[in-house]
Amino acid sequence: MLKALLKSEVIISAICAAGALYLFFETKAFGNLNVYGAKLGPDIWPKLILVSIMALSVGLAYNTIKGVLKGIIPASDKIQFSAANLRFIAAAGLIATYLALLPLVGFLVLTPVMMIAFMYLLGEKSKTWIFSIPFVLTIGVVLVFTKLMYVPLPRGTGIFLKISHLLY
Amino acid sequence: MEIWLGSLLNVLSPVPLMLVAGGVLAGVMLGAIPGLNSPMGTALLIPFTFAMEPANGLILLTAVYCGGTFGGSISAILFNVPGAPEASVTGFDGYPMAKSGKAGKALGIAIMCSCLGGIFSVLVMSLISPQLARVALSFSEPEYFALALAALTLISSLGGDKMIKAFIAGCIGLLAATIGIDPMTSIERFTFGGDALMAGINFIPALIGAFAVGEILMTAEAGVKKTGETVTKVSTELPKIIELLRLKWTILRSAVIGTMIGILPGVGATTAAFVGYSEAVRWSKHPEKFGTGIPEGIAAPETCNNAAAGGAMVPLLTLGIPGSATTAVIIGGFLVHGMQPGPMLFINQPGLMYSLFIAMFLANIFMLFSGVIVAKLFSNFRKIRYSILGPCIFVFATVGAFGISNDMFDVWVMFVFGLIGYIMKKFDFPIAPLIIALVLGELAEISLRRGMRMANWDVSEFIFRPIGGTILLITCITLIFTIYSKMKKKPNVLAGEISKT
Amino acid sequence: MLNKKYYLHLSLVLIVSLFIAFSVQAAEKPEGYPSQPIEVVVQYGAGGGSDTFVRNLMMPARKILKASINVTNMTGAAGVKAANYVLKQPADGYTIYNFSPEQLINTAFGRQNYKEEFAPLVQVQQDMSMFYVNPKAEYQTVQELIAYAKKNPGKVQFTGTTPASPDELIIMRFAKAAGIDVKYIPFDKAPKSHAAVLGGHLDVLHEEPGSVMSLIQAKKLIPIIVFNDKRLDKFPEVPCSVELGYNLTSGRWRGLAVKKGTPQTIIDYLAASFKKAYEHGRYQSYAKASLLDQRFGWKDPEEFGKFWDSEYEAFKLVLKELGYIK
């Protein structure tokens, strides 16, 4: 029984159901608006979805537990911490850092740095590629997007703003 | 007839022909690069058309438009990053096909079907534009609701044996679609008091995140060498006649659906692609194969979105009502010459209209060539190792998400959906239902609420309508049938665990 | 004696007014401005009414200001997104905002506070509100419409763009003045509302004439009233609201603003430069083609600011009555 409860599907169902329940109370914030005698107010549709999510989660959990108990589904997944997990965390962390710094440092300066780090992370060996592609691509993207299509890519602040202004 | 001939001669002179060819090529390029799209391209070209002959300027704009609608599918197939929203669905089957080494074939089908869909809609609209416009106007909110619901029921077949998981993913997508300012009452929903979520979740960053970023994260975890798929040779091959004949019903059905949806003001080529895909699944003999990389899964959305692009010109030219984002911009191309598209233009300047029809016809032919050229160019990137290509795709995904409304928030949406996509893949939840629900959720909800307000909250007035009611009926029957037949099959939970797609 | 005094006064007045006129005219160029590209932020998508307005005004303005001007579209959240972006930039006159009635409405909703956030620059356009009906409708004039609505309370359905918008507000102000009970059905994009009335699904359309001109000429939409103090040359048969006894003349206006705290010299200089751009032939020909020359729309910074306050009060009142805000 305990093994069945630790199955990832069951855990995900529990998270979904709990989240849906929380959001269900959140609908109170906009449930009382009454415009033109609205019978289908802004809260009805989200409530309907949230109830469905809760019902479906219960269904999924029930099916999984039943399956494990009957022995058709292998019991708990082996969750082990490995180098692979580390690589995933590094990649996600790199992306998050990149996005957080983008408004401060600007696209032009930060992007090659991120790309070089990313290529190392993915195990690229060739130095020539690692130190050429990021710069070529960044400058190409900046020129096409800002000069041709007027997309205002983040320029950064302070000294980085001045560097960005050199090109766009 | 004389006008037709005159227009034909006008278009078949060097300058318009060059504009068509150049416009299509530019459009395909714009479409293929994530972050650049045809509304942007046409908006930027409008000042230049000011200096041209009115007809030539409009020919250029429509050529860019036609090309842009197709272009997005190139990057969707090769990198799983749709270059334009219209190509959102193309990646569902296009990318798995490319991954299994048949990128060239996938591109060939996309190009051919785009061309056929486009030509079909141009022919239809040059023959019966005014009648089509009347049909378009007969659609009201209940019909839109029925259409959205019909496409949403696709979720039930997409999950395969994992139906409950597919429904959960779909519900989360529907919920995400409600975030932001409510279009009916202007009240904020699920914004938690902040400004960031007020504009809602744009589906393009979400889509790029769930597919492309999720994929990058998965690959980072698995390590590049293990997946190690490097495609050495991607030569675009147009499908052979026999292959096209096998797809004939898919193409024909999608062309009709695409044209019909295109003429509706208010839904565009993106919705058309979703509906076309879901109908292809509905009528298919092997619906479970969709999403694994089958030709039908590329043919249906590609035929549909290009047919819809042509269809969207019908309300524009006959009523002055744009059916899509790009056609809204093209209105500007008329305005700079002091013309307004609409019924009067059809009466006063039929020659111009016919020239446009012919130009669009030619644009779809040119699309075959420029499609092959650009696809060749882009497929070279597929040969690059993933350890180099992955970061490049990520940069394009970032600017693609940023370019939607020049806002960093969209890029964060992309990242969050990347994590969601990663988790879903890891635990074997299908991602497509999430995206479908996110795209169609608002159309379904708002057309229901708006329609009910128009019907004075009277359900029978909302349901008992000739077109809307029929679509609803068919939808309900097939939905019940799908669920029933799956229940009867005894949901084999084990199969759901093993068959990881 | 009297004469002398009179002349003295007159000349004094003349001198003072000349001085004022001169100082306004010159609006001397602030030191070192502009030395970098100016960004104009538009809260609507490319190709819409506000976007074309900004792009057409900036075309001559580039030459007048001798600066490069970039137009950025930032859509979503009823303009809150775009406004927040502008507020994050320094108040140095290099970021200009396409200010529109939505900011006043957002303030009423408590999402923004225009008084503390923006300093008025100039209003450039004053568009006109008009109502249209389907030629197959039972009523073809505004009087017939009112009579019908009085007989069938709550049955007549008006449509326009987005809820709690200037469109809804003018419709409801009109309904109140005419003493009728009507319903408003919002669409998120204007073309959809046109289609709903053309298809006979909804009864009365609110729209500016520029975007439905072709449909009016083809008699697919019948204009029944224009909210103005006189009839328009273009539609001499359409009655204006004031002659019918409704003192409603508001319509969509389009203008520019900068972040509060921008130096007054820069505001004055920009206002004077945009005035020149407004008078430029390139802009005027666009205005004429889009029927934006029917009403005088120019307002200087001070006048524009006062106008914001009066509009805000009027909007707030109607929004409260409709139940949108408490």
Side-chain angles (χ1 to χ4, degrees), chain A residues 8-9 12 16 23 26-27 30 33 35-36 38-43 45-46 49-50 52-53 56-57 59-60 63-64 67 72-74 84-85 87-88 90-92 95-96 99 102-103 107 111 114-115 118-119 121-124 129 133-134 137-138 141 144-145 148-154, chain B residues 33 35-36 40-41 44 164-165 167-168 171-172 174-175 178 182 184-185 187-190 192 213 216-225 385-388 390-392 394-396 398-399 402-403 406 408 411-412 415 418-419 422-423 427 429 445 448-449 452-453 457 491-494 497:
Chain A
S8 52
E9 267 80 6
I12 289 178
C16 284
L23 289 175
E26 196 66 32
T27 56
F30 50 82
L33 187 83
V35 185
Y36 300 103
K39 289 206 180 103
L40 266 176
D43 58 330
W45 179 267
I49 300 167
L50 290 167
S52 313
I53 292 182
L56 288 164
S57 305
L60 180 63
N63 271 358
T64 317
I72 1 179
I73 302 180
N85 297 97
R87 273 202 301 273
F88 163 74
I95 293 176
L99 297 188
L102 208 47
F107 186 84
T111 305
M114 181 277 298
M115 285 184 77
F118 214 150
M119 285 181 182
L121 185 74
L122 290 176
E124 176 60 36
W129 286 114
I133 292 275
L137 186 86
T138 306
V141 166
V144 171
F145 278 72
L148 228 58
M149 309 298 295
Y150 303 111
V151 175
L153 294 171
Chain B
I33 300 175
L36 305 182
M40 265 160 89
L44 288 168
I164 292 187
K165 285 182 174 177
F167 277 130
I168 291 179
C171 281
I172 292 173
L174 287 178
L175 192 68
T178 65
D182 171 31
M184 284 304 283
T185 59
I187 199 168
E188 293 146 40
R189 300 194 290 185
F190 301 121
F192 304 100
V213 179
I216 290 171
L217 289 172
M218 282 297 264
T219 326
E221 185 180 69
V224 177
K225 270 171 229 133
R385 287 190 287 279
Y386 198 83
S387 49
I388 295 171
C392 297
F394 176 70
V395 168
F396 275 105
T398 307
V399 288
F402 181 81
N406 304 326
M408 276 308 289
V411 188
W412 282 104
F415 176 58
L419 292 179
Y422 165 81
I423 294 171
F427 297 109
F429 279 76
E445 182 199 353
L448 173 69
R449 285 170 57 202
M452 287 298 280
R453 196 197 271 191
W457 320 105
N492 188 348
V493 203
L494 189 61
E497 287 294 309

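Per chain, numbering begins at 1; letters A, B, ... match sequence-line order.
For the set Leu121(A), Val144(A), Thr111(A), Ile12(A), the count of heavy-atom pairs under 4.5 angstrom toward chain B peaks at Ile12(A). Top candidate by heavy-atom pairs under 4.5 Å with chain A, chosen from Met452(B), Met408(B), Arg189(B), is Arg189(B). Counting heavy-atom pairs under 4.5 Å between each of Phe192(B), Phe415(B), Phe396(B), Trp412(B) and chain A puts Trp412(B) at the top. Taking Leu448(B), Thr398(B), Leu174(B), Ile168(B) one by one and counting their heavy-atom pairs under 4.5 Å with chain A, the maximum is reached by Ile168(B). Heavy-atom pairs under 4.5 Å with chain A were tallied for Val213(B), Thr178(B), Leu217(B); the largest tally goes to Leu217(B). Of the listed residues (Gly41(B), Cys392(B), Gly403(B)), the greatest number of heavy-atom pairs within a distance under 4.5 Å of chain A belongs to Cys392(B).
Side-chain contact between Ile33(B) and Phe145(A) is present, with at least one heavy-atom pair separated by less than 4.5 Å. Residues Phe30(A) and Asp182(B) fail the side-chain proximity criterion, which asks for heavy atoms closer than 4.5 Å. Side-chain contact between Arg385(B) and Leu122(A): absent, with no pair of heavy atoms (C-beta onward) separated by less than 4.5 Å.
Interface remark: Ile216(B) contributes side-chain atoms only to the contact with chain A (heavy atom separation under 4.5 Å). Residue contact with chain B, scored on non-hydrogen atoms closer than 4.5 Å, is absent for Ala90(A). Within the 4.5 angstrom heavy-atom criterion, no atom of Pro134(A) approaches chain B. Both the backbone and the side chain of Val411(B) come within less than 4.5 Å of a heavy atom of chain A. Of the atoms belonging to Leu60(A), heavy atoms from both backbone and side chain fall under 4.5 Å from chain B. Contacts of Phe402(B) with chain A are made by side-chain atoms alone, with heavy-atom separations under 4.5 Å and no backbone atom involved. Proximity to chain B involves both the backbone and the side chain of Leu99(A), based on heavy atoms less than 4.5 angstrom apart.
Residues Gly41(A) and Arg449(B) share a closest heavy-atom pair of O-NE, 3.7 Å. Between Arg87(A) and Ala220(B), the shortest heavy-atom distance links the atoms NE-O, 3.0 Å. Cys171(B) and Ile49(A) make their closest contact through O-CG2, 3.3 Å (heavy atoms, listed as atom of the first residue, atom of the second, distance).
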**OP:** Just do the side chain to side chain contact (heavy atoms under 4.5 Å, CB included) check on Leu153(A) and Val399(B) with the steps written out, would you?
**Re:** CA-CA 8 Å; Leu153(A) 294 171; Val399(B) 288; 3.6 Å; yes
**OP:** In sequence, state the C-alpha distance, the side-chain angles, and the governing distance for Phe118(A) and Val395(B), and then conclude on side chain to side chain contact (heavy atoms under 4.5 Å, CB included).
**Re:** CA-CA 11 Å; Phe118(A) 214 150; Val395(B) 168; over 6 Å; no
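Note that OG of Ser8(A) is 11.5 Å distant from CD1 of Ile423(B), once rounded to the nearest 0.5 Å. Considering CD1 of Ile164(B) and CG of Asn63(A), their distance stands at 4.5 Å, rounded to 0.5 Å. Within the model, atoms CG of Leu137(A) and CD1 of Ile388(B) stand 11.5 Å from one another, a figure rounded to the nearest 0.5 Å.
A ring-centre distance under 6.0 Å is found for Phe88(A) and Tyr422(B).
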